[in-house]
J.: 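Mind looking over this structure? Questions follow.
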Amino acid sequence: QVQLVESGGGLVQAGGSLRLSCAASGRTFRNYAMGWFRQAPGNERAFVAAISWSGSSTDYAESVKGRFTISRNNAKNTVYLQMNSLKPEDTAVYYCAAKYSGSYYHTDRTYDRAYEYDYWGQGTQVTVSS
């Protein structure tokens, strides 16, 4: 089992920034690719960003490219999502997710489908006011 705990959400004005953190425990963190997803009321859970187990590969939804940055610190068992130039449409609950990939060269890739992930956090609310 992997436990994921998100933090860093809150209320921010449009144009502002937030940094989300996701602390993992329970298994070897570097064996997991990580992702961030979000869900707004009435919408399905949507991909935001992903990072490979080594951190060498990243991927972003088109709507956040150039504004959000995903990163990880395997020594601290933590993945981050730096969100800049926030817009009201970024308002959602943000979820951290982990997908077992092993720490091999050929598995050093990202995953952008929610069903591919094995573990999920409880989510953190991000609200962007206009």
Side-chain angles (χ1 to χ4, degrees):
Q1 287 283 346
V2 174
Q3 291 78 43
L4 303 172
V5 179
E6 302 97 335
S7 61
L11 174 64
V12 64
Q13 288 188 332
S17 298
L18 283 174
R19 188 174 85 152
L20 305 184
S21 298
C22 173
S25 62
R27 294 289 175 91
T28 304
F29 183 65
R30 69 173 182 272
N31 283 339
Y32 289 82
M34 301 297 294
W36 286 96
F37 291 76
R38 65 187 181 187
Q39 188 167 19
N43 291 349
E44 293 185 353
R45 195 166 295 190
F47 170 71
V48 176
I51 190 166
S52 65
W53 67 263
S54 72
S56 63
S57 296
T58 58
D59 188 22
Y60 297 91
E62 285 296 326
S63 59
V64 307
K65 276 184 181 178
R67 300 189 297 124
F68 290 12
T69 302
I70 189 171
S71 62
R72 66 188 293 161
N73 185 327
N74 285 347
K76 294 185 176 181
N77 293 351
T78 303
V79 63
Y80 306 96
L81 185 68
Q82 177 67 44
M83 305 186 295
N84 298 329
S85 303
L86 282 161
K87 305 175 181 179
E89 50 264 44
D90 294 319
T91 295
V93 177
Y94 283 71
Y95 296 91
C96 170
K99 189 260 185 306
Y100 179 79
S101 65
S103 50
Y104 308 106
Y105 174 79
H106 67 280
T107 64
D108 198 17
R109 52 159 288 192
T110 58
Y111 301 85
D112 62 1
R113 310 292 176 88
Y115 70 81
E116 295 179 293
Y117 284 82
D118 304 307
Y119 301 100
W120 293 84
Q122 292 300 306
T124 185
Q125 176 71 46
V126 171
T127 302
V128 184
S129 64
S130 57

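Predicted model only: the values in this text are computed from it and were never measured.
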J.: Side chains of residues 76-84: which donor-acceptor pairs under 3.5 Å do they make with residues two or more places apart or in other chains?
T.:
unit_1: T78; atom_1: OG1; unit_2: K76; atom_2: O; d: 2.8
unit_1: Q82; atom_1: NE2; unit_2: N84; atom_2: OD1; d: 2.9
unit_1: N84; atom_1: OD1; unit_2: S17; atom_2: OG; d: 2.9

J.: Between CG of D112 and CZ of F47, what distance do you get to the nearest 0.5 Å?
T.: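 Between D112 CG and F47 CZ, I get 5.0 Å after rounding to 0.5 Å.
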J.: So which heavy atom on D108 is nearest to which on S56, and how close?
T.: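 What the structure gives for the nearest pair is OD2-OG, 2.7 Å.
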J.: Could you please spell out the steps behind the side chain to side chain contact (heavy atoms under 4.5 Å, CB included) verdict for S57 and R109?
T.: CA-CA 6 Å; S57 296; R109 52 159 288 192; 5.8 Å; no
J.: Does the R72 side chain pair with the main chain of F29, one donor and one acceptor, at a distance under 3.5 Å?
T.: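 Side chain of R72 to backbone of F29, a donor-acceptor pair under 3.5 Å: yes, one is there.
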J.: Any chance you could lay out the side chain to side chain contact (heavy atoms under 4.5 Å, CB included) test for N31 and W53, step after step, and finish with the verdict?
T.: CA-CA 6 Å; N31 283 339; W53 67 263; over 6 Å; no
J.: Check side chain to side chain contact (heavy atoms under 4.5 Å, CB included) between R113 and all other residues, then give those that pass, not counting sequence neighbours.
T.: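 Checked R113 against side chain to side chain contact (heavy atoms under 4.5 Å, CB included); matches are Y115, E116.
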J.: Atom CG of N74 and atom OG of S54: how far apart are they, to the nearest 0.5 Å?
T.: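 Atom-to-atom, N74:CG and S54:OG are 8.0 Å apart.
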J.: Does the Lys NZ or Arg CZ of R27 fall within the cation-pi geometry relative to Y32 - under 6.0 Å from the ring centre and within 45° of the axis?
T.: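 Judged by the rule (NZ or CZ under 6.0 Å from the ring centre, within 45° of its axis), R27 is not positioned above Y32.
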J.: Could you check whether any side-chain N or O of E6 sits under 3.5 Å from a backbone N or O of Q122, counting only pairs where one atom can act as donor and the other as acceptor?
T.: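 Judged by distance alone, yes, a pair lies under 3.5 Å.
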J.: Within this structure, what is the CD1-CE distance for the pair I70 and M34, rounded to the nearest 0.5 Å?
T.: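 Atom-to-atom, I70:CD1 and M34:CE are 8.0 Å apart.
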J.: Between T91 and A40, what is the shortest heavy-atom contact and its length?
T.: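 So the minimum-distance heavy-atom pair works out to O-CB, 3.7 Å.
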J.: So do L4 and W120 actually touch side chain to side chain, heavy atoms under 4.5 Å?
T.: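 When only atoms from C-beta onward are counted, L4 and W120 do not touch, as no gap falls below 4.5 Å.
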J.: Relative to the ring of F68, is the ring of Y94 parallel (under 30°), tilted (30 to 60°) or perpendicular (over 60°)?
T.: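 Geometry flag for F68 against Y94: tilted rings.
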J.: Let's go through Y60 and T69 carefully: what are the C-alpha distance in whole Å and the side-chain angles of both, what is the deciding distance for side chain to side chain contact (heavy atoms under 4.5 Å, CB included) to 0.1 Å, and is it a yes or a no?
T.: CA-CA 8 Å; Y60 297 91; T69 302; 3.8 Å; yes
J.: With hydrophobic residues grouped by side-chain heavy-atom distances under 4.5 Å, do V64 and V93 end up in a single group?
T.: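 Not linked; separate clusters.
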J.: When you measure from the side chain of T110 to the backbone N and O of D59, does any donor-acceptor pair fall under 3.5 Å?
T.: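 No.
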J.: Which pairs would a plain distance check flag for residues 123-130, meaning a side-chain donor or acceptor within less than 3.5 Å of a matching protein atom at least two apart in sequence or in another chain?
T.:
unit_1: T124; atom_1: OG1; unit_2: G9; atom_2: N; d: 3.3
unit_1: Q125; atom_1: NE2; unit_2: A92; atom_2: O; d: 3.4
unit_1: Q125; atom_1: NE2; unit_2: T127; atom_2: OG1; d: 3.3

J.: Please name the pair of heavy atoms, one in W36 and one in L20, separated by the smallest distance, quoted to 0.1 Å.
T.: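 In terms of heavy atoms, the two residues are closest at CH2-CB, 3.7 Å.
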J.: Considering residues, nucleotides and ligands other than R30, do more than 12 of their heavy atoms fall under 6.0 Å from its CZ?
T.: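 No - once you tally the heavy atoms of other residues, nucleotides and ligands closer than 6.0 Å, there are 12 at most.
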J.: So which atom in G102 and which in T107 form the shortest heavy-atom distance, rounded to 0.1 Å?
T.: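 Minimum heavy-atom contact is O-OG1, 3.1 Å.
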J.: Applying a strict under-4.5 Å side-chain criterion to I, L, V, M, F, W and Y, I'd like to know whether Y117 and Y95 cluster together.
T.: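 Yes, Y117 and Y95 fall within the same hydrophobic cluster.
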